[in-house]
Amino acid sequence: MASDEFQPIQGMSDVAYPEIVLWQRLEETARRILSLYGFSEVRTPVVEKRVVFDRSLGDTTDIVQKEMYQFEDAGGRPLVLRPEGTAGITRFIAGLGQEGHGARVYYVGPMFRRERPQAGRKRQFHQFGAESIGAPNPHADAEIIAMQVHLLRAWGLKDFRVRINTRGTAEDRQAVQAGLRQRLEAVASRLCEDCQRRLTTNVLRVLDCKNPGCRAVVAELPPMTSFMADSSRAYLEDVVRVIRHLELEVQVDPTLVRGLDYYQHTVWEIAHHGLGAQDAIGAGGRYAITMGNRVIDGVGFAMGLERIIMALTAEQGAFVPPAVPLVWMVSADAALLDVHLQLVQALRLRGIVCGIDLDRRSVKAQMKAAGKAGARWVILHGAAEQENGTFQLKDMESGKQDEVSMPELLERLNPAVLHALG
RNA sequence: GUGGGUGUAGCUCAGUUGGUUAGAGCGUCAGAUUGUGGUUCUGAAUGUCGCGGGUUCGAAUCCCGUCACUCACCCCA
């Protein structure tokens, strides 16, 4: 086992071959799908001023209170590693002024939260997210959800389910909290320790407590939407209607809670059974975020890429990178390595994936390396071929080997031919 | 922040009630007549037994601490 010195810090990890190939594919697919909806990428800094987050996410949330990596730069400015993507995006949008109206953007990149790592939860994790800027509009919310489901399916996922709810407006939230608190205080003794604490800190979280006793209490409660204005309930109904019109399945769940303060109206969560306790692969919602003297309205989602990969693995098994048609150069005479490397370079310049072992090992060892690398063709060249001006070209699948001239070699290893052979 | 589980070769793991030179499989490397892979056979290399203390004649094995990994709570994507 490598010493700790060479390990990344807790909850952060290196991503390399072969998983990196899957990461790249996910990103490619996401870019392709999002462009269908008129979204373009934005890359915001990983480091932001602290205020960008504590005002927007809510300064009582755990993320802001205890999970942000924060530090001061040399000028004493309080900075943080971004714990999520939306706040930075709205900061960017606010800076655009009028230009920002109707913006449709997506982002992908690392986020940082200093939580205790567990299955599906890293301290540096990666999110893919999208934001559609604009005033509350049920069609906009439905479109975003449809896009997210489209993307999940394009990634190859099937066994996920979408739950949706509303948080209503800022005024509704006061009424909901007061209403729930009043009802729950009457039966506080039946709640678990955590929920008794939540009564004062975060009443909504009682609704999605996993404790059976608490769930029984919650089941007797009127739905939280009953404390909201009629218009807020109507808004959710509209969203659900439009989504169903798009022939997508959503389940209205009155106990669904989203933690961040900026959410208003529609909120949703997409869960996958193949994960651990952290089963949300994506979530989203409508928000109104105050940035200085502007309020940015929008709707968006974020998906945890590590969790997407876990879900894909649960559905399809471990990712195996596809083999590429590979040519392997075997040097039977180290004195000719100059020539061999030159040939390999020429093939690569023609777009052919070509390998060579430069360690001056035996032909046998080089053949073995070629086999292990999955080479489709092997070119063998040594003193005898050098004299004849030929090359040995071996088909590793059939085992057949021909002695060919340079033009014939180039013809048989034509990229188009290789591509057709797979 | 709280709790459970686990740390032995590159990987997956064995290591019996503490006993001397710590093992297996896979992988790696090298051979099995001249320059030819995937199968087989033979052989070889690689370990501060996570780290630091303690108990003991003797510790991978027991005790304490610490770090890391992991799962769950909490929170959240």
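Chain letters run A, B, ... following the sequence lines, proteins first, then strands; residues in each count from 1. Values below: all heavy atoms of this structure, side chains included; hydrogens, waters and symmetry mates excluded. All of these numbers come straight from a predicted model, not from anything done at the bench.
Side-chain N/O atoms of A:Arg121 and base N/O atoms of B:C74 include a donor-acceptor pair closer than 3.5 Å. The base of B:C73 is not paired with the side chain of A:Glu193 by any donor and acceptor separated by under 3.5 Å. The base of B:U36 sits within donor-acceptor range of the side chain of A:Gln401, with an N or O pair under 3.5 Å.
Ion pair A:Arg376/A:Glu397 flagged as a salt bridge, since at least one NZ, NE, NH1 or NH2 atom sits closer than 4.0 Å to an Asp/Glu carboxylate oxygen. Remark: A:Arg167 does not engage A:Asp172 in a salt bridge, criterion side-chain N to carboxylate O under 4.0 Å. For A:Arg104 and A:Glu143, the salt-bridge test passes: some basic side-chain N is under 4.0 Å from an acidic carboxylate O. A salt bridge links A:Glu220 with A:Arg190: the distance from a Lys NZ or Arg NE/NH1/NH2 to an Asp or Glu carboxylate oxygen falls below 4.0 Å. Looking at A:Arg286 and A:Asp141, a side-chain N of the basic residue comes within less than 4.0 Å of a carboxylate O on the acidic one, giving a salt bridge. Electrostatic pairing of A:Glu41 and A:Arg43 counts as a salt bridge here, judged by a charged N lying under 4.0 Å from a carboxylate O.
A straight line from CG of A:Leu157 to P of B:A77 spans 18 Å, rounded to a whole angstrom. Spacing between atom NZ of A:Lys368 and atom C1' of B:G31 amounts to 10 Å, rounded to whole angstrom units. Summarising the geometry, the separation between CZ on A:Phe53 and C1' on B:C75 is reported as 17 Å, rounded to the nearest angstrom. Note: CZ (A:Arg113) to C1' (B:C74) measures 14 Å, nearest angstrom. Following rounding to the nearest Å, A:Asp279 (CG) and B:A72 (P) show an atom-to-atom distance of 10 Å. Distance A:Phe112 CZ to B:C75 P: 24 Å, rounded to the nearest Å. Taking atom CG on A:Leu152 and atom P on B:A77, their separation rounds to 15 Å, with Å as the unit. The CZ atom of A:Arg258 sits 12 Å away from the P atom of B:C75 (whole-angstrom rounding).
Using C1' as the reference atom, B:C64 and B:A22 are 25 Å apart when rounded to the nearest Å. As rounded to the nearest Å, B:C63 and B:G7 have P atoms that lie 14 Å from one another. B:C57 sits 31 Å from B:G47 when the P atoms are compared, rounded to a whole Å. Nucleotides B:G37 and B:C13, compared at atom P, are 34 Å apart to the nearest Å. A distance of about 14 Å separates the C1' atoms of B:U8 and B:C51, rounded to the whole Å. Rounded to whole Å, the separation between the C1' atoms of B:G19 and B:A60 comes to 13 Å. Spacing between B:U46 and B:A24 at atom P, rounded to whole Å, works out to 13 Å. As rounded to the nearest Å, B:C62 and B:C75 have C1' atoms that lie 39 Å from one another.
Distance from the side chain of A:Gln278 is smallest to B:C73 among B:C73, B:C71, B:U70. Listed nucleotides B:U36, B:C74, B:A30 differ in distance to A:Arg361; the shortest reach to its side chain belongs to B:A30. For A:Arg197, taking side-chain heavy atoms from C-beta onward, the closest of the listed nucleotides B:C74, B:A77, B:G1 is B:C74. When distances are taken from the side chain of A:Lys364 to each of B:A32, B:G38, B:A77, the shortest belongs to B:A32. When each of B:A77, B:U36, B:C71 is scored by its nearest atom to the side-chain atoms of A:Glu115, the top-ranked nucleotide is B:A77. The listed nucleotides are B:U36, B:C75, B:C71; the one nearest the side chain of A:Lys394 is B:U36.
If you check B:C69 for Watson-Crick or wobble pairing at under 3.5 angstrom, you find it paired to B:G5. Pairing for B:G37 is absent, with no Watson-Crick or G-U wobble pair whose two atom distances lie under 3.5 Å. Across all strands shown, the partner of B:U12 is B:A24, judged by Watson-Crick or G-U wobble contacts whose two distances both fall under 3.5 Å. Judged by Watson-Crick or G-U wobble contacts below 3.5 Å, the nucleotide B:C62 has B:G54 as its partner.
As judged by a 4.0 angstrom heavy-atom cut-off over every strand, A:Gly129 is placed among residues making no nucleic acid contact. Looking at heavy-atom distances under 4.0 Å, A:Asp333 makes no contact with the nucleic acid at all. Within the nucleic acid shown, A:Ala370 has no heavy atom closer than 4.0 Å to any nucleic acid atom. At the heavy-atom level, A:Ile270 lies nowhere under 4.0 Å from the strands shown. Across all strands, A:Glu385 comes closer than 4.0 Å to base atoms (heavy-atom distances). Among the heavy atoms of the strands lying under 4.0 Å from A:Gly11 are primed sugar atoms or P, OP1, OP2 only; no base atom is included. Nucleic acid contact class of A:Ala369 (heavy atoms, under 4.0 Å, all strands): none.
Between A:Gln118 and B:A72, a side-chain N or O to OP1/OP2 separation shorter than 4.0 Å is present. Between A:Lys210 and the phosphate of B:C73, there is a side-chain N or O to OP1/OP2 separation shorter than 4.0 Å. The phosphate of B:G3 (OP1 or OP2) has no side-chain N or O of A:Arg116 nearer than 4.0 angstrom.
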Next on the checklist: Let's go through A:Gln366 and A:Trp328 carefully: what are the C-alpha distance in whole Å and the side-chain angles of both, what is the deciding distance for side-chain hydrogen bond (donor to acceptor under 3.5 Å, both in side chains) to 0.1 Å, and is it a yes or a no?
Outcome noted: CA-CA 9 Å; A:Gln366 292 181 65; A:Trp328 198 271; 5.5 Å; no
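Residues A:Pro110 and A:Phe125 are not in side-chain contact: their nearest non-hydrogen atoms beyond the backbone lie 4.5 Å or more apart.
Checking A:Arg161, A:Arg163, A:Arg258 one by one against A:Asp253, the salt bridge (Lys or Arg N to Asp or Glu O under 4.0 Å) holds for a single residue, A:Arg163.
Along RNA chain B, the nucleotide nearest to A:Cys209 and the one nearest to A:Phe125 differ in position, and the one closer to the 5' end is contacted by A:Cys209. Taking the nucleotide of RNA chain B with the nearest heavy atom to each of A:Gln10 and A:Asn211, the more 5' of the two is matched to A:Gln10.
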